[in-house]
Amino acid sequence: MKKIFFVLMSVLALLIGIYPIMYAFVELKYTFLSSKSPVLLYDITWKTAFFAHIIFGGISLFIGWRQFGNSFREKHMKLHQLIGKIYVGSVTISSVSAIYMGFYANGGMISAAGFICLGIIWLFTTFLGVIQIQKGQILKHQQLMTYSYACTFAAVTLRLWYPLLQSLTKDPSGSYTAVAWLCWVPNLLAAYCINQRKAATT
Ligand code: HEM
């Protein structure tokens, strides 16, 4: 069961992690960017934040799952450390730009608040995870990085929840508002359960 869950999570992370590449091939009017105002699209700060967010968010999602397999980590500790450094750098860039973009999110104040909270928690759990490993606190490091990746994984759950809610409610904007919270709150609850089990077995 645990193995099936891990494989499913990894495949979804790889698929959605690579998805931002489509911005290099698809005309912008056929993407999410067509939902933004021309003023924002000509704003160099917002546009830089957008591309920084999707490129480095994609990298963190694409590589982050590899950090969780016990046997891989034990066999390839140097690689674990290298992937970890790339992950932390990518999350830092992507989360700071996401927090900024959150203020301009579609769906108004409630969805903006959802994305901004997620961005802040993403950044903080990742940094605290780094501080714990520097102190030699392995269990706390693992637990914080589980929370961090639960946030990263919001990019996947958002793209599962949104079409589901939209088809159930036939209300795209209400669904978007709900999804700005639904994409990460259950992920953090799942991470909490995983961490409790881990703490009980170590
Ligand atoms: C986990 C914290 C994250 C936060 C807080 C966040 C926040 C945001 C925000 C605010 C937007 C703009 C939404 C709008 O203006 O309505 C956005 C769009 C986007 N984000 Fe993220 N994001 C996160 C993670 C990720 C990750 C890990 C990826 C990696 C694939 C990603 C990929 C994208 C893409 C591709 C878009 C453009 C929309 C689309 O093409 O579907 N995000 N994000």
Side-chain angles (χ1 to χ4, degrees), residues 9-41 43 45-67 86-127 129 144-163 166 172-188 190-191:
M9 185 191 86
S10 314
V11 171
L12 288 170
L14 290 170
L15 289 175
I16 302 293
I18 202 89
Y19 155 80
I21 280 196
M22 70 102 180
Y23 278 88
F25 303 104
V26 178
E27 263 190 84
L28 295 189
K29 64 179 176 193
Y30 298 118
T31 69
F32 158 83
L33 287 178
S34 65
S35 69
K36 306 308 276 186
S37 73
V39 179
L40 212 50
L41 293 179
D43 182 332
T45 313
W46 188 87
K47 233 168 159 196
T48 308
F50 177 77
F51 284 108
H53 170 65
I54 67 170
I55 293 167
F56 289 99
I59 293 173
S60 59
L61 187 61
F62 196 83
I63 61 173
W65 62 272
R66 190 55 284 184
Q67 300 293 77
I86 300 172
Y87 176 82
V88 171
S90 301
V91 169
T92 306
I93 296 169
S94 187
S95 63
V96 170
S97 37
I99 294 165
Y100 167 75
M101 282 164 59
F103 288 93
Y104 302 92
N106 296 341
M109 265 171 60
I110 300 176
S111 65
F115 287 126
I116 293 166
C117 288
L118 169 61
I120 293 171
I121 296 171
W122 196 24
L123 182 63
F124 270 87
T125 50
T126 310
F127 266 5
L144 281 156
M145 286 310 190
T146 304
Y147 285 124
S148 164
Y149 200 65
C151 291
T152 310
F153 207 71
V156 173
T157 41
L158 182 144
R159 288 163 183 87
L160 299 174
W161 278 116
Y162 185 58
Q166 214 186 348
S173 77
S175 302
Y176 196 73
T177 307
V179 153
W181 292 89
L182 214 48
C183 70
W184 60 274
V185 176
N187 295 15
L188 286 184

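All ligand and atom numbering here is 1-based and tracks the order in the structure.
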Margin query: Using only atom types and a distance under 3.5 Å, with no angle test, would you say the side chain of Trp181 pairs donor to acceptor with the backbone of Ile110?
Written below: yes
Margin query: Tell me if a side-chain donor or acceptor on Ser97 pairs with a main-chain N or O of Ile93 at a distance below 3.5 Å.
Written below: yes
Next item on the list: Can you establish whether the number of heavy atoms outside Trp65 located under 6.0 Å from its atom CH2 is more than 12?
Entry: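 Correct, the count exceeds 12.
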Check: What are the protein N/O/S atoms, named by residue and atom, that sit under 2.8 Å from atom 21 (Fe) of ligand 1?
Finding: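 Listed by chain and number, the atoms are His53 NE2.
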Just jot down the ligand 1 atoms closer than 4.0 angstrom to any heavy atom of [X], in number order.
| X | value |
| --- | --- |
| Gly58 | 29 (C), 30 (C) |
| Tyr176 | 13 (C), 14 (C), 16 (O) |
| Phe50 | 37 (C) |
| Ile16 | 30 (C) |
| Lys36 | 14 (C), 15 (O), 16 (O) |
| Gly119 | 5 (C) |

Exercise: identify the closest heavy-atom pair between [X] and [Y]:
| X | Y | result |
| --- | --- | --- |
| Thr157 | Cys183 | OG1-O, 2.7 Å |
| Phe56 | Ser94 | C-CB, 3.9 Å |
| Pro20 | Gly17 | CD-O, 3.3 Å |
| Leu182 | Trp161 | O-NE1, 3.2 Å |
| Ala150 | Ala191 | CB-CB, 3.8 Å |
| Pro163 | Leu158 | CD-O, 4.3 Å |

Ignoring angles and geometry beyond distance, decide whether [X] reaches within less than 3.5 Å of ligand 1 through its nitrogen or oxygen atoms.
| X | answer |
| --- | --- |
| Arg159 | yes |
| Trp122 | no |
| Thr152 | no |
| Asn106 | yes |

Item checked: Trp122 vs Ile99 side-chain heavy atoms within contact, under 4.5 Å ->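 Heavy-atom side-chain distance check fails, nothing below 4.5 Å.
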Note to self: Counting C-beta onward and ignoring hydrogens, is there a side-chain heavy-atom pair between Val88 and Met145 closer than 4.5 Å?
What the structure shows: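 They are in contact (side-chain heavy atoms under 4.5 Å apart), so the answer is yes.
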Item checked: Thr45 versus Tyr100, side-chain donor and acceptor atoms under 3.5 Å ->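 Thr45 and Tyr100 do not have a side-chain donor-acceptor pair below 3.5 Å.
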Next item on the list: May I ask you to decide if the ring planes of Tyr149 and Tyr87 are parallel, tilted or perpendicular, using 30° and 60° as cut-offs?
Entry: tilted
Checklist line | Protein residue, atom and distance nearest to atom 39 (C) of ligand 1, heavy-atom basis | finding: Tyr19 OH, 3.2 Å
Item checked: Nearest non-hydrogen protein atom, atom 40 (O) of ligand 1 -> Tyr23 OH, 2.5 Å
Check: Between the candidates Ser90, Cys151, Cys183, which shows the shortest non-hydrogen contact distance to atom 1 (C) of ligand 1?
Finding: Cys151
Check: Any idea which part of Trp184 is under 4.0 Å from ligand 1, heavy-atom wise: side chain, backbone, both or neither?
Finding: neither
Margin query: I'd like to know whether ligand 1 has Phe153 as a neighbour, heavy-atom separation below 4.0 Å.
Written below: no
